[in-house]
Asks: 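Got a structure here, written out as structure tokens. Questions coming.
Residue numbers count from 1 along this sequence.
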Amino acid sequence: MSEVEVEESIMSYLSQSETDTSTKNLNVVAMLHNFWEQRQTGRLNGSSSESDGSVGDAAIHTESLLLYESAPSPGPPYVCYVTLPGGSCFGNYKVCETQAEARRDAARVALMNSLVNELPCRRINPHFITQSLQQAAADSAVSIEDACDSSTSIGTYSVLLHSYVGKTMLEFQEMMTIFQLLQWNGTLKALRERQCSRQSVISYYSQRGLDEYIRSSMALDWLGREQRSPGRLGEELQVVQRELVLARRRGIELRFYKEKTEILSLALSQAYVHHTPEAFSEALSHTHKQEQLPLQTLYSQDTEVQISPTLQSFTNPP
């Protein structure tokens with residue numbers, strides 16, 4: 001089963017169950033928690049068997065496995081996000097009239113993706129790597145032979161793929177999100193201009209991950225752009241908010257889009273003191289209005305807004 005087929009199967013399930021009342025009787029919030037609790041406990045027990053750790057430590061770590069966040073809203077429809085261990089994020093697919101319904105639907109989408117992620121076809125293997133590199137080379141208009149050269153973008157992408165052989169798509173996406181954000185923010189370009197090697201950048205950010213310091217640094221970058229070009233921050237925020245809505249209504253992983261929104265919102269909160277509230281209120285109301293539109297309407301509007309393929313974004317030259 002290809003990545004496209006997997007996504008289509010998820011979309012088919014979500015579309016069918018959107019009006020299926022039988023799914024409302026399932027405690028999907030508890031099911032999602034139990035799924036990840038068992039996985040986390042298994043991992044901790046596996047690691048403790050090689051050390052002096054106890055099984056009791058596993059129970060402590062499973063108490064705060066999942067993070068649910070309700071998006072600010074003056075009223076329905078409501079939006080809820082759930083973040084899984086490792087950082088993968090999903091949101092409710094349906095238009096929800098209550099916050100409890102949004103929470104259940106977000107858990108349903110996350111559970112569906114979590115289960116699919118366990119399938120053998122969702123493991124990084126040599127066949128998948130070959131297909132991904134060929135697709136990336138075609139989309140970026142570069143030679144596939146460049147994949148053997150780690151100094152090139154596609155060569156770096158090849159190194160990343162090979163380092164995740166045997167792991168799942170979600171695990172790979174969690175790492176890729178960091179580099180997607182670095183490229184979107186212009187950080188990769190700045191590091192390249194400072195002659196930092198790709199290998200050193202990969203090593204540094206793979207070990208560090210995405211923390212509050214990196215988010216704050218990106219927000220400061222966007223604040224600087226707003227000061228040089230007033231209005232740019234509000235425009236970019238509307239674009240990424242729309243991307244987030246579209247991605248959520250596709251039932252796919254959302255962390256890249258959600259992180260962009262939060263980084264820009266952080267920058268906006270700093271720029272807010274220098275502008276009138278009316279300057280940015282439109283971006284917030286615009287997103288809330290989009291929640292009330294049917295999915296086909298969302299896709300037909302502003303077709304220039306694209307959801308970039310996850311596995312190709314890093315191959316674009318910074």
Asks: Hydrophobic clusters here meaning ILVMFWY residues chained together by side-chain heavy-atom distances under 4.5 Å, can you tell me if L161 and V159 are in one?
Replies: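 Looking at the clustering, V159 is in a separate group from L161.
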Asks: With a 4.0 Å cut-off, would you call R255 and E174 a salt bridge?
Replies: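 The answer is no: the pair does not qualify as a salt bridge.
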Asks: Evaluate the side-chain proximity of L182 to M218: yes if any heavy-atom separation is below 4.5 Å, no if none is.
Replies: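 M218 vs L182: side chains touch.
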Asks: Can you tell me which residue pairs pass the salt bridge (charged side-chain N to carboxylate O under 4.0 Å, His left out) test with a partner in residues 68-92, sequence neighbours excluded?
Replies: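 Listed once each, the pairs are E69-K258.
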Asks: Taking S73 for its side chain and G75 for its backbone only, find out whether a donor-acceptor pair lies under 3.5 Å.
Replies: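 Pair found, side chain donor or acceptor close to backbone of G75.
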Asks: Would you say the side chain of M169 lies within less than 4.5 Å of the side chain of F128, judging by non-hydrogen atoms?
Replies: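 Of all side-chain heavy-atom pairs linking M169 with F128, at least one is under 4.5 Å.
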Asks: Which atoms form the tightest heavy-atom contact between A147 and L133, and what is the distance?
Replies: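 Shortest heavy-atom separation between A147 and L133 comes out as CB-CD1, 4.2 Å.
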Asks: Within the side chain of H33, is there an N or O that forms a donor-acceptor pair under 3.5 Å with the backbone of V29?
Replies: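 No, because the side chain of H33 does not come within donor-acceptor range (under 3.5 Å) of the backbone of V29.
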Asks: With distance as the sole test, does E101 use its side chain to make a donor-acceptor pair with the main-chain N or O of C96 at under 3.5 Å?
Replies: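 Between the backbone of C96 and the side chain of E101 there is no qualifying donor-acceptor contact (under 3.5 Å).
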Asks: Check the pair V95, R249 against side chain to side chain contact (heavy atoms under 4.5 Å, CB included), reporting the backbone distance first and the verdict last.
Replies: CA-CA 9 Å; V95 176; R249 294 306 308 276; 3.9 Å; yes
Asks: Evaluate the criterion side chain to side chain contact (heavy atoms under 4.5 Å, CB included) for residue pair L244 and V240; output intermediate values, then yes/no.
Replies: CA-CA 6 Å; L244 180 58; V240 300; over 6 Å; no
Asks: Taking K167's backbone N and O only, do any of them form a donor-acceptor pair with E171's side chain (distance below 3.5 Å, no angle check)?
Replies: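 Looks like no, no N/O pair under 3.5 Å.
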Asks: For D105, is there any backbone N or O sitting under 3.5 Å from a side-chain donor or acceptor partner on N92?
Replies: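 Absent.
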Asks: Mark yes or no for whether S206, through its side chain, and I202, through its backbone, hold a donor-acceptor pair below 3.5 Å.
Replies: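 Yes, the answer is positive, given that a donor and an acceptor are paired below the 3.5 Å cut-off.
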Asks: With side chain to side chain contact (heavy atoms under 4.5 Å, CB included) as the test, would you mind laying out the steps for I214 and L181 before giving the verdict?
Replies: CA-CA 10 Å; I214 294 177; L181 289 169; over 6 Å; no
Asks: Is there a path from M31 to L66 through hydrophobic residues (I, L, V, M, F, W, Y) whose side chains come within less than 4.5 Å of each other?
Replies: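 Same hydrophobic cluster.
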Asks: Quick one: are T168 and F172 in side-chain contact, heavy atoms under 4.5 Å?
Replies: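 No, side chains not in contact.
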Asks: Set out, in order, the CA-CA distance, both residues' side-chain angles and the distance that settles salt bridge (charged side-chain N to carboxylate O under 4.0 Å, His left out) for E243 and K260, then state yes or no.
Replies: CA-CA 10 Å; E243 289 179 342; K260 287 199 296 184; 2.6 Å; yes
Asks: Grab the two heavy atoms, one from A110 and one from V82, that are nearest each other, plus how far apart they are.
Replies: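 Looks like CB-CG1, 3.7 Å.
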Asks: With no hydrogens and no angle check, is any side-chain donor or acceptor of T187 less than 3.5 Å from a backbone partner on Q183?
Replies: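 No, T187 side chain to Q183 backbone: no donor-acceptor pair under 3.5 Å.
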Asks: For the residue pair T83 and Y68, establish whether any side-chain heavy-atom pair is separated by less than 4.5 Å.
Replies: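 T83 does not reach Y68 side chain to side chain.
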Asks: With side chains defined as the heavy atoms from C-beta onward, is the minimum distance between I124 and I129 less than 4.5 Å?
Replies: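 Yes, side chains in contact.
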Asks: Can you name the side chain to side chain contact (heavy atoms under 4.5 Å, CB included) partners of Q99, sequence neighbours left out?
Replies: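 With sequence neighbours excluded, Q99 shows a side chain to side chain contact (heavy atoms under 4.5 Å, CB included) to Y78, given in chain and number order.
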Asks: Can you name the residues that form a side chain to side chain contact (heavy atoms under 4.5 Å, CB included) with S216, not counting sequence neighbours?
Replies: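 Per chain and number, S216 pairs via side chain to side chain contact (heavy atoms under 4.5 Å, CB included) with L266.
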Asks: Keeping E226 on the side-chain end and L233 on the backbone end, is there a donor-acceptor pair under 3.5 Å?
Replies: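 It does hold such a pair.
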Asks: Strictly by ring pair (Phe, Tyr, Trp, His ring centres under 6.0 Å), give each pair with a member in residues 97-118 just once, sequence neighbours left out.
Replies: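 For residues 97-118, and leaving out neighbouring residues, there are no ring pair (Phe, Tyr, Trp, His ring centres under 6.0 Å) pairs at all.
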Asks: When you compare the side chains of N34 and Q38, does any donor N or O come within less than 3.5 Å of an acceptor on the partner?
Replies: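 No - no donor-acceptor pair under 3.5 Å links their side chains.
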Asks: Are E259 and R215 within salt-bridge range, i.e. N to O under 4.0 Å?
Replies: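 Looking at E259 and R215, the cut-off is met.
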Asks: Think R248 forms a cation-pi with Y93, using NZ or CZ under 6.0 Å from the six-ring centre and within 45 degrees of its axis?
Replies: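 Judged by the rule (NZ or CZ under 6.0 Å from the ring centre, within 45° of its axis), R248 is not positioned above Y93.
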Asks: Let's go through E118 and F35 carefully: what are the C-alpha distance in whole Å and the side-chain angles of both, what is the deciding distance for side chain to side chain contact (heavy atoms under 4.5 Å, CB included) to 0.1 Å, and is it a yes or a no?
Replies: CA-CA 11 Å; E118 295 298 305; F35 173 86; 3.8 Å; yes
Asks: Given side chains that start at C-beta, do those of Y81 and L67 come closer than 4.5 Å, heavy atoms only?
Replies: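 Y81 does not reach L67 side chain to side chain.
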Asks: Indicate yes or no: at least one non-hydrogen side-chain atom of V79 is less than 4.5 angstrom from one of V245.
Replies: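 Not touching, per the 4.5 Å side-chain cut-off.
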Asks: Do N113 side-chain atoms and V109 backbone N/O form a donor-acceptor pair below 3.5 Å?
Replies: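 Yes, N113 side chain to V109 backbone: donor-acceptor pair under 3.5 Å.
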Asks: Enumerate the ring pair (Phe, Tyr, Trp, His ring centres under 6.0 Å) contacts for residues 199-235, please, sequence neighbours excluded, ordered by first and then second residue.
Replies: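 Residue pairs with at least one partner in residues 199-235: W184-W222.
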Asks: For a 4.5 angstrom cut-off between non-hydrogen side-chain atoms, does L246 reach Y257?
Replies: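 No, too far: nothing below the 4.5 Å cut-off.
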Asks: Scan residues 124-133 for pairs that pass salt bridge (charged side-chain N to carboxylate O under 4.0 Å, His left out), counting only residues two or more places apart or in two chains.
Replies: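 Pairs touching residues 124-133 that pass the test: none.
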Asks: So, does R123 use its side chain to make a donor-acceptor pair with the main chain of G166 at under 3.5 Å?
Replies: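 Side chain of R123 to backbone of G166: a pair is present.
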